[in-house]
Structures are given as structure tokens and as C-alpha cells.
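The block underneath contains the structure these notes are about, expressed in C-alpha cells.
It should be emphasised that the depicted structure is a prediction, and the values quoted were computed from it without experimental measurement. Below, read A as the first sequence line, B as the second, and so on, with proteins coming before strands; counting in each chain starts at 1.
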Protein chains: 2
Amino acid sequence: MAAVARLAGVSLKTVSRVVNGEASVRPETAARVRVAWKELGYRRNDAASTLARAQAPAGIGLIIEDISDPFYSRLTRGVQEVARAHGHFVMLSSSEENSELERSTVLALTARGIAGLIVVPHSDDQHYLEPEIESGLSVVFVDRPPQGLVADSVMSNNIEGSRLAVKHLLDLGHRRIAFVGNDRSVYTSTQRLRGYRKAHTVAGVTADEERLVILGPRTEAEAGAATSALLGSPNPPTAVFAQNNLLTTGAWRAIRESGTPVALVGFDDFALADVLDPPVTVVAQDPMTLGRKAAELLFSRLADATGPVQRIIVPTRLIVRG
Amino acid sequence: MAAVARLAGVSLKTVSRVVNGEASVRPETAARVRVAWKELGYRRNDAASTLARAQAPAGIGLIIEDISDPFYSRLTRGVQEVARAHGHFVMLSSSEENSELERSTVLALTARGIAGLIVVPHSDDQHYLEPEIESGLSVVFVDRPPQGLVADSVMSNNIEGSRLAVKHLLDLGHRRIAFVGNDRSVYTSTQRLRGYRKAHTVAGVTADEERLVILGPRTEAEAGAATSALLGSPNPPTAVFAQNNLLTTGAWRAIRESGTPVALVGFDDFALADVLDPPVTVVAQDPMTLGRKAAELLFSRLADATGPVQRIIVPTRLIVRG
DNA sequence: CTGAAAGCGCTTACAG
DNA sequence: CTGAAAGCGCTTACAG
């Protein structure tokens, strides 16, 4: 900016005026400044501008795993609604299920001066957030609890929802129920497996876990392949419980291709589940509410950071279809 | 920070060291600083920190209309891929189909110091970006061209894709083809209507636009209601062409409920379109490529801002199902 | 319509 | 292990 001022033969203040489009500058002066500034390829430093103005527009950060998953996009809407009501805008960034990226993304966001942060943790350690929290950043975790850190969190009622889904299948008479989930590093998957076990225990049924519990698939295709393998095995399941929406549609495709009448229940509802043939019974989560509660918790922390750590559980709901 | 230093009886530099977790501070000193800082509820000013360090992590901004629309989430992934390859992270924000919000969100993002910006414009005037662009911000528009501004843009081949879809229906012998789209303020909708007209003209068929062209629906439910009304009218269409994925599923539901065998083609592909009964023929856009191209164009501008304004058209593809 | 001065809240060398 | 000084690149009053 100083260079521009020198070249145009004016003061810093005048350059500032032109750059910010303030009215009161003589046209010729403004033109001279503009020429100098194009000439030098000048670009305003926003950090300095923000510092001097002593106010950036208020915003909060949100880190999710994957925007293309409708679960996260609905959660994001919930966060946005509440943020807007509080006059804040949301800066969203995705960790792409990459722990290293989670960390760098979080830090890139905080470096930009946000009032608070909501995180769907992916890595197995959020210790790196400690200095930021110490520096006064408020953080709320959603969908999964933090690790290596004690902080507020908002989660679905995974165990109970899963228990009800599997109970539903047991009540229908199924005794060989497969569980298709992610690998053990995924918190929600292990919680939902616990619900699967609980339902069996309560019903006095021993699950053939060795053959029926599949932990690993992450994509629709992988879930399809795993389900196909299950259905083709010597003693196949009569029902499948899939741990999230992607795995559910993968299992649905595999069952359909097999041509056998295998029951299916999914954790997390998805678009068109009601009009598939056969339709899909699900344990519906409420991602909007997860996001909304997380944001509300964050803003209450922003208003008053004291008080014990909170852990909010959002209920799930069995939707029986077909 | 000065207050903390005073209270702890140390210099600014020492407070800075403690806040940033630099090693070489005597434990007792550090502890004293920490106490003072908690006491005062100190929180580091990130703008000042960034300014002094003379480097924020490199990032670009992306403004879309609605994250919960899979079209935008796939577009976002494309942007993210390219940004990551360039060592930049993406700050995403949604305008929620609100023009006022688009403006404030864009400005909030630019105030945070981003290298460049990609915008899916919603408002009918992006003039407000002029000062930012003058200040050196590079901006690329995607999915729709900017208005009130000349700038780079990346778009789908709307007219041609739409023309092929409608030609497909005409070739099948349909003569009463409905068009279900958004209102005229939506650029993509009017472009796709032009393709609809072009196909009719080429085929020498006069479309009954007065009764068959519905402009207005924005949601799945609205599209369903509009389609039901069409199907219940005296001289109903034998085929429907819907202008985006939401409108398509809305039309699909209405057709299914009506029990009549009406053909359907949608613009933009969607999950499970292939396994619905009947399956849905679509003109597939390539949202990942839209995002990728927009990001590539942005980074090429960042490297060299000169050169003429570019307008990149991404092809679409008819996927015939059922 | 234009400018000189002070200051935004940090961090970076440099000393000791 | 700790500090005094200068400076990051802007903007805000205040004058004229």
C-alpha cells in the first residue's frame, strides 16, 4: 500500500479510501491511485484490515468428514440455522476422513479468527486442539466424542437405536441377523454393534457373530460385496442390519440381486427409502437436531464458558416400512 | 495480552511464548502467566497473530446455494480435490438461496483473507464483488454466470443436454411433453427450457407450452403437486421432463401415485435412480468436473491474472434407463 | 478533498 | 530462560 501511495504521489489514507470505495476522493486522484495499484498488482491484506477495523464478521467453524454424505449435509443445516439466528455465519470444511487433514483444517480455520468450533472428529486423538482451547477457543464435538480431550459433545442414541432395530428383527422371528458395519476404529459402528448384542442378550438369542458380523466396509460397493458374500455362504443370514445409509443401500442392492427374500434394516434414514421395492425399514437419526444442539451448546459456551462438560444424547426412532 | 503480562509480571514476549506453547519458559513463570490469563479470560486475536506472522494457511472460499443438495456436495468435492493438490484448504459457506445472505457470506469470507473465491451465484447481481475484485481477489463463477459483472465461469451444457433429453422423448413418439422447472429467475431453468424448445423446433413439433410448461416449483413436494395437477388435467402430458434432481423425484412420486404410465426424464442424475421402479432416465451432469474446472481456472488466475475472461462448458450425458 | 499521526494486538529478530 | 524494540499492513479519529 505504501508503494502504491508513493507511486501515485498521495498518502496512505487516500489509497485506503480508493481501495475501500469511499466517496470523497477527487476523480483524478482516484484514477491516479487506481493506475498505480494495477501497475503494482496491489492486493489488500485482509488480516491487517480486520485487525485495524477491530472486527471481523462473526463466524463459527464446522469440520465434518464428508460433505457428500447426506447425514453431514443435514447436520450442517442444523448448525447453520442456529448460527444464523445468533448472527454468525458458518465456515465449513471437510476432513475427508483423513486424520492429518482434520488437524490442518481445524488449525487453518482457527487461524482465521472464529468464535467457536464444531467438530465431527475422525482422527483418534484431538489433543492438538488443546492449545487452541487454552487460548480461549470453544469447541463442541458432534456425532462422536473427542478423544484425548474432555469437551462438550452431542451424539445420537446409538446403542438404544440399534437395539430397537435388532429387536424388531428378532420379534419378526429372525435368528440369523447379520451386522454390516465399519471397522472398529469408527466409534458409531462399535456403539451400534453393542446395541446389536444387547438386543440378542435380552432376547436370549446367541448371535453367530463369527460368521454374521462384518466390520470393515466403508462404501456402498464394499457393503454390497460383503453382503453378497454373506448371502452366498453355507448358512446365510435371514436378515441384515446395516450401520449407516451407504452400507444400507449397498446391502439393499446385493439382496435384490440375490433374489432371496432377506429382511433389511438400516441405521440412518435416506432419500427414497420409502419408495424402493421393497422399502427399507430404518432407525432414523435426526441429523438436523444433532447440528442444532451442537450449535446451541457452542453459543451457550460462548456466552458463559464455565460449568461442567456436557454430553447431549439425541434420540433415534424406528420407522417400519413394508 | 498486555493486561496478562502486567498481571503476571512478565513481558509481552513471555506471554506470547506461553500462549503458543513454545518450550523455553521456566515452569513457574509459565504457570504464573497461565493463571493471569485464565483470570482475565484472555483469548488470542487471530487477525493480529496472522498479520504479525505474515502468513495464514492458504485457503480459497466456496459459496454454494444449499449443501444438502447432492449436486452441490459433489461439486464441492471437485473443488476440494484440486484445492488440496494446490496446498489450499476450502472454506465453504452456503447462501441458502438467499441473496442477502450470499452477499454477507461472501464478504465475511473475503474478510478472512482467502486467496480466491468460487461462487454459485444466487442473487441477480454480483456487483457487490467489484471492490473485492478490484482489491485483487480472483473470483470464478460456477453453474451459472455472474450478473452485473464480467468474470470467469464454468457451466454445464444446459441447452444441449436438455435438447437431447427432450429429443429422446420425441423420438419415442411423445408429443405432449411437460417441462417442470424453477421460476424464471433461475438461470439453469431458463437455459434448459431453451433446450426443450429447440428439440421441439428441430422435430417440427409445436409444444403446448401454455399448458405443459410449469415454472415455479422449488421443492420435491411442490414438483409433485404440480405434476399431479398436470396429470389430472383434461389433456395430460404423456411424458415429463424435470429440471433438476429434486423436481425429478417429486415428479416420479406423483406419476407413481397416479398409476398412469407417464414417461419421465430428469436433468441431473441422483442416487438410486437406477433401481427405482420404474428407473429414471436422466441427463447426467458432472458436478465433480464443474467443481474441478472452476478450481483449476481459479488457480490459473492466481498464478497469472492476465488474459481474457474464460467461459468453460462441461458436457452432459444422456443415460437411458428402463 | 487530502494527510500526518497513532494504534489495532500480535510476533520476529536480537540481546542478554 | 526472559525482555525491549521494531514492525506486520492496514484504519480511525482529527485537522485542515
Side-chain angles (χ1 to χ4, degrees), chain A residues 1-37 40-58 107-108 110-115 131-132 134-137, chain B residues 1-37 40-58 107-108 110-115 131-132 134-137:
Chain A
M1 185 154 146
V4 174
R6 216 173 308 120
L7 185 58
V10 298
S11 72
L12 283 179
K13 177 57 201 164
T14 297
V15 177
S16 172
R17 272 191 263 260
V18 175
V19 169
N20 292 299
E22 290 171 37
S24 60
V25 178
R26 194 148 46 101
E28 302 95 82
T29 316
R32 207 145 26 92
V33 170
R34 234 177 276 275
V35 168
W37 142 26
L40 269 46
Y42 169 72
R43 166 128 165 67
R44 183 181 59 200
N45 179 318
D46 295 295
S49 172
T50 297
L51 174 60
R53 286 179 206 269
Q55 51 89 20
L107 297 179
T110 58
R112 254 135 184 123
I114 50 179
E132 301 299 326
E134 298 260 290
S135 304
L137 183 72
Chain B
M1 184 152 146
V4 174
R6 216 175 305 120
L7 184 57
V10 297
S11 73
L12 284 178
K13 176 59 200 162
T14 297
V15 175
S16 172
R17 273 191 263 260
V18 175
V19 168
N20 292 301
E22 289 172 38
S24 61
V25 179
R26 195 147 45 102
E28 301 95 82
T29 316
R32 208 146 25 93
V33 171
R34 236 178 276 274
V35 168
W37 143 25
L40 270 45
Y42 169 72
R43 167 128 165 66
R44 182 182 60 201
N45 179 316
D46 295 295
S49 173
T50 296
L51 175 60
R53 286 178 207 269
Q55 50 86 20
L107 297 178
T110 57
R112 257 140 181 118
I114 49 179
E132 301 298 326
E134 297 263 289
S135 304
L137 183 72

Checklist entry - Which distance, rounded to the nearest 0.5 Å, do you find between the OG1 of Thr14(A) and the CZ of Arg26(A)? => result 10.5 Å

Item to check | Results of side-chain contact (heavy atoms from CB on, under 4.5 Å) for Leu7(A) - residues two or more places apart only | outcome: Ala36(A), Glu39(A), Leu40(A)

Checklist entry - Who passes salt bridge (Lys or Arg N to Asp or Glu O under 4.0 Å) against Arg6(A), sequence neighbours left out? => result none

Item to check | Closest contact, heavy atoms only, Met1(A) versus Leu12(A) | outcome: CE-O, 3.3 Å

Detail all sub-3.5 Å separations between protein N/O atoms and N/O atoms belonging to nucleotides 7-11 of chain C.
residue	atom	partner	partner atom	Å
dC10(C)	OP1	Tyr42(B)	OH	2.9
dC10(C)	OP1	Asn45(B)	N	3.3
dC10(C)	O5'	Tyr42(B)	OH	3.2
dT11(C)	OP1	Asn20(B)	ND2	3.0
dT11(C)	OP1	Arg53(B)	NH2	3.2
dT11(C)	OP2	Ser16(B)	OG	2.5
dT11(C)	OP2	Asn20(B)	ND2	3.4

Checklist entry - Do Ile114(B) and Leu137(B) come within less than 4.5 Å of each other through their side chains, counting heavy atoms only? => result yes

Checklist entry - By side chain to side chain donor-acceptor pair (under 3.5 Å), which residues pair with Ser49(B), not counting sequence neighbours? => result Arg53(B)

Item to check | Side chain of Arg26(B) - closest among dT2(C), dG3(C), dC1(D) | outcome: dC1(D)

Next on the checklist: Looking at every non-hydrogen atom in both residues, tell me the closest pair between Val33(B) and Val4(B) and how far apart they are.
Outcome noted: O-CG1, 4.0 Å

Checklist outcome for this item: Stems field, DNA chain C, Watson-Crick or wobble, 3.5 Å, at least 3 pairs, by first number, holds C:1-3 with D:14-16, C:5-12 with D:5-12, C:14-16 with D:1-3

Next on the checklist: Strictly below 4.0 Å: does Thr14(A) bring a side-chain N or O up to OP1 or OP2 of dG3(C)?
Outcome noted: yes

Item to check | Arg17(A): salt bridge (Lys or Arg N to Asp or Glu O under 4.0 Å) partners, not counting sequence neighbours | outcome: none

